[in-house]
S.K.: 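Before anything else, here's the structure in question.
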Protein chains: 2
Amino acid sequence: MLKFSKKADYALLALQYMAVVQSGVDADPRVVNTKEIAEEHHIPLELLAKVLQTLARHQLIESHHNGPKGGYVLAHAPGDITIAQVLEAIEGPLGLTDCSHEKGDHSQCEQMSRCNIRTPLLKIQDSIFQLLNGMSIEDILVEETPLIIVESLKPQGVIS
Amino acid sequence: MLKFSKKADYALLALQYMAVVQSGVDADPRVVNTKEIAEEHHIPLELLAKVLQTLARHQLIESHHNGPKGGYVLAHAPGDITIAQVLEAIEGPLGLTDCSHEKGDHSQCEQMSRCNIRTPLLKIQDSIFQLLNGMSIEDILVEETPLIIVESLKPQGVIS
DNA sequence: TCAATCTCCGACTAAAATACTCTTGACTAA
DNA sequence: TTAGTCAAGAGTATTTTAGTCGGAGATTGA
C-alpha cells in the first residue's frame with residue numbers, strides 16, 4: 001500500500017532516461033526507442049512498450065515515427081512533466097479511497113452516512129497530490145534533490 | 001496505487017469509532033466490541049476481528065478482557081495515535097518502492113547502479129511519511145479538519 | 001521491392017496481493 | 001454451564017498487477 005506499481009517505476013525511469021539523453025552534452029538530442037531503455041534498465045521489453053504507449057497516449061511523450069530510427073521524445077520540457085501527471089497517466093486518477101472521485105457524495109460506498117473519515121482522508125489526499133504535482137521529471141534528474149518541503153512538514157506544524 | 005487497503009480503511013473507521021465512544025459525553029467511556037463496530041459500519045465481522053487483533057498486537061488498542069462484556073479500548077489518547085502508526089501496524093513498513101527499506105544500498109534491486117531515481121523517490125516518501133505522521137486519530141474525529149499544510153504545499157514552493 | 005525494424009493495439013496468462021471465511025481454542029461473566 | 005468474546009492459523013476466493021503473445025501497419029535502407 002502507498003507503493004508505486006512497477007509500471008509507475010518504469011515510467012519514471014524511462015522519462016528520466018529520456019530527459020538525460022535529450023539534454024545530452026553531446027549536443028545531439030536524439031530520439032530513444034523502447035529497446036534501448038529496456039536494455040539500459042533491465043525492464044521487460046513488451047511491458048515497457050505498453051508503458052511508453054500509455055505515456056504517448058497521454059501526450060507526455062511523442063512517438064517520433066514508426067520503423068527503423070523511430071522512437072520517442074519528451075513532449076514537454078522535463079520541468080513541465082509532473083510526477084502526478086505520470087502517475088495518473090499510468091494508473092488512472094489518484095485516490096486514497098474508492099470514493100475519492102465521486103464528488104460531493106459517496107453514495108456508492110458501503111458506509112454511506114456512517115462514514116466519518118471521508119473528509120479528513122480527502123484532505124490527506126490533497127496534500128499528497130499537491131506534493132506530487134509540485135515535483136517534475138527535472139527534479140529527479142539529479143541525485144541530490146534538496147527538498148525544502150521536508151522542513152515545512154514537521155509534525156507539530158502540520159495540523160492546526 | 002497510492003490507495004489505502006480496505007483493512008486500513010476499516011482500522012481507521014474502527015479507531016475513530018472507538019475514540020468517539022470513549023470520549024462520549026455520556027460520561028461513560030466504555031469498552032467496545034468487534035461486533036458493534038462491524039454492524040455500525042457494515043464491515044465483515046471476521047475481517048474486522050483480524051484487523052483489531054493486529055492493532056492490539058501493535059499496542060494501539062488493548063483488549064479489555066474475553067467473554068461477555070469484553071472488548072477493546074484505545075491504548076492511548078486519540079491524539080497520540082498517528083495515521084502512520086495505524087498504517088504500519090496493518091500493512092507493515094511504508095514505502096513507495098521495494099528498496100525503500102534497504103538503507104544505504106539497493107543491492108537487491110534489478111536496476112542496481114543504473115537506478116537514478118531512488119534518492120528522489122525516497123525524498124517524496126519522507127514527505128508523505130511526515131504528513132501521515134503528523135496526523136492522528138484525533139484529527140479525523142471532526143468532519144472539518146483545517147489543514148494548514150495544504151497552504152504550505154503550494155507547488156511553486158515545494159522544490160528548492 | 002523486400003526484409004528488417006519499429007510502433008501500436010488488444011487479448012491473454014500467470015503470479016501475487018487482497019479480501020474474506022472457517023475452524024478451533026481459551027477465557028470470562030452471568 | 002452456557003453464551004459471548006478475543007486469539008490465531010489455515011484456507012479460499014476475488015481482484016489487481018505483471019508480464020506475454022501475436023498480428024497489423026509504418027518506415028527505412030539495401
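Order of the sequence lines fixes the chain letters, A, B, ..., with proteins taken first and strands second; residue numbering starts at 1 for each chain.
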S.K.: Around atom NE2 of His64(B), are there more than 12 heavy atoms of other residues, nucleotides or ligands at under 6.0 Å?
M.R.: no
S.K.: Does any N or O in the side chain of Glu62(A) come within less than 3.5 Å of the main-chain N or O of Ala75(A), such that one atom is a donor and the other an acceptor?
M.R.: no
S.K.: So which atom in Ile61(A) and which in Leu52(A) form the shortest heavy-atom distance, rounded to 0.1 Å?
M.R.: CD1-O, 3.5 Å
S.K.: Inspect the contact between Asp98(B) and Lys3(A) and indicate whether a charged nitrogen and a carboxylate oxygen are less than 4.0 angstrom apart.
M.R.: yes
S.K.: Could you tell me the separation between the NZ atom of Lys6(B) and the P atom of dT21(C), rounded to a whole number of Å?
M.R.: 11 Å
S.K.: Keeping the roles fixed (side chain from Arg118(B), backbone from Cys99(B)), state whether a donor-acceptor pair exists under 3.5 Å.
M.R.: yes
S.K.: Taking the side chain of Asn33(B) as heavy atoms from C-beta outward, which of dA19(C), dA18(D), dT5(D) is closest to it?
M.R.: dT5(D)
S.K.: In residues 60-78 of chain B, which residues come under 4.0 Å of DNA chain C by heavy atom?
M.R.: His65(B), Asn66(B), Gly67(B), Pro68(B)
S.K.: One thing to verify: whether Lys35(B) and Glu40(B) come together as a salt bridge, which I'm taking to mean a side-chain N less than 4.0 angstrom from a carboxylate O.
M.R.: no
S.K.: Give the rounded distance in Å between these two atoms: CZ of Arg57(B) and P of dA7(D).
M.R.: 9 Å
S.K.: Check whether His76(A) reaches the backbone of Gln59(A) with its side chain - one donor and one acceptor, N or O, closer than 3.5 Å.
M.R.: yes
S.K.: Write down the distance between NZ (Lys3(A)) and C1' (dA16(C)), rounded to a whole number of angstrom.
M.R.: 10 Å
S.K.: Tell me which residues in residues 45-54 of chain A put a heavy atom below 4.0 Å from DNA chain D, sorted by number, or none.
M.R.: Glu46(A), Leu47(A), Lys50(A)
S.K.: Would you name the heavy atoms of Thr54(B) and Ala89(B) that are closest together and state the gap between them?
M.R.: CG2-O, 3.3 Å
S.K.: OP1 or OP2 of dC20(C) versus the side-chain N and O atoms of Tyr10(B): is any pair under 4.0 Å?
M.R.: yes
S.K.: When you check the phosphate oxygens OP1 and OP2 of dT7(C), does a side-chain N or O of Thr34(A) lie under 4.0 Å from one of them?
M.R.: yes
S.K.: NZ of Lys7(B) versus P of dC20(C): gap in Å, rounded?
M.R.: 10 Å
